[in-house]
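To start, the structure itself, in structure tokens.
Everything numeric here is computed off the predicted structure, so don't read it as measured data.
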Amino acid sequence: MAGHSKIKFLSNTNGQVKDQGLSSGEVNPIASPFVPAHVVSDISLGSKARKLNPNAFPFDPALVVNEVDRSIFLTFSKGFPISPKEIQHFFERRFKENCVEKVYVDNRPGKIPLFGKIRFHKLTFTIAILGNKPSTKLIVNGKPLWCKRFQQGRTTKA
């Protein structure tokens with residue numbers, strides 16, 4: 001395709017993707033079982049398609065999961081809190097890549113942090129840490145760190 005070709009994708013009543021503006025023999029580069037029809041509505045191809053982020057993680061549909069499944073609940077031993085930076089550096093050294101999306105640590109004023117949460121970019125990191133075990137103990141800078149699967153909505157009443 002030379003220049004800018006515009007392709008519009010419409011969803012029919014069956015939820016299938018229809019293409020318009022493709023000549024015979026052209027392949028729809030966007031139609032995929034992983035791209036819902038309501039997301040793909042009006043896409044321009046051409047020079048704009050070359051402006052992708054070269055530092056982005058490769059797309060792997062097998063690893064596209066919600067953030068809860070990519071998260072681990074962390075607990076610290078009393079008197080041994082661990083900072084978010086320490087946690088992030090520990091896992092990035094262990095896996096030798098930028099694997100941490102976000103680290104949360106309970107920082108209530110006047111209280112020593114006892115728990116936190118880490119969210120990874122990929123599910124594979126969560127699996128590598130926990131495997132089939134319900135929890136695992138790690139040592140971060142000489143301090144114990146307990147890890148278990150994160151369960152959304154689980155709160156305790158004080």
Task: Test item: Val140 and Phe76 side chains (from C-beta on) under 4.5 Å apart, heavy atoms - done: no
Could you go through residues 93-103 and list every donor-acceptor pair under 3.5 Å that involves a side-chain atom there, pairing it with any protein atom two or more places apart or in another chain?
unit_1	atom_1	unit_2	atom_2	d
Glu101	OE1	Arg70	NH1	2.7
Glu101	OE2	Arg119	NE	2.8
Glu101	OE2	Arg119	NH2	3.2

Task: Between CG on residue Leu145 and CD1 on residue Ile82, distance to nearest 0.5 Å - done: 4.5 Å
Task: Linked, directly or transitively: Leu130 and Phe120 (ILVMFWY side chains, under 4.5 Å) - done: yes
Task: Phe80: hydrophobic cluster co-members (side-chain, 4.5 Å) - done: none
Task: Point-to-point distance, once rounded to the nearest 0.5 Å, from NZ of Lys85 to NE2 of His89 - done: 5.5 Å
Open item on the list: Is there a side-chain contact between Leu74 and Trp146 in this structure, where contact means two heavy atoms from C-beta onward sitting under 4.5 Å apart?
Closed with: no
Task: Pairwise distance CD1(Ile87) to NZ(Lys117) - rounded to 0.5 angstrom - done: 13.0 Å
Open item on the list: Under 4.5 Å between side-chain heavy atoms, counting indirect links through other Ile/Leu/Val/Met/Phe/Trp/Tyr residues: same cluster for Leu138 and Ile72 or not?
Closed with: yes
TODO: Indicate yes or no: at least one non-hydrogen side-chain atom of Arg149 is less than 4.5 angstrom from one of Thr126.
DONE: yes
TODO: Hey, could you give me each pair passing side chain to side chain donor-acceptor pair (under 3.5 Å) that has a residue in residues 131-141? Not counting sequence neighbours.
DONE: Glu86-Asn141
Open item on the list: Which residues pass the ring-ring contact (aromatic ring centres under 6.0 Å, His included) test with Phe90, not counting sequence neighbours?
Closed with: none
Open item on the list: I need the minimum non-hydrogen distance between Val105 and Pro84, along with the two atoms involved.
Closed with: CG2-CG, 3.6 Å
Task: With Pro81 via side chain to side chain contact (heavy atoms under 4.5 Å, CB included) - residues at least two apart - done: Ile112, Pro113
Task: Hydrophobic cluster membership, Phe73 vs Val68, 4.5 Å side-chain cutoff - done: yes
TODO: Kindly write out the residues that satisfy salt bridge (Lys or Arg N to Asp or Glu O under 4.0 Å) with Arg108, not counting sequence neighbours, or none if the list is empty.
DONE: Asp106
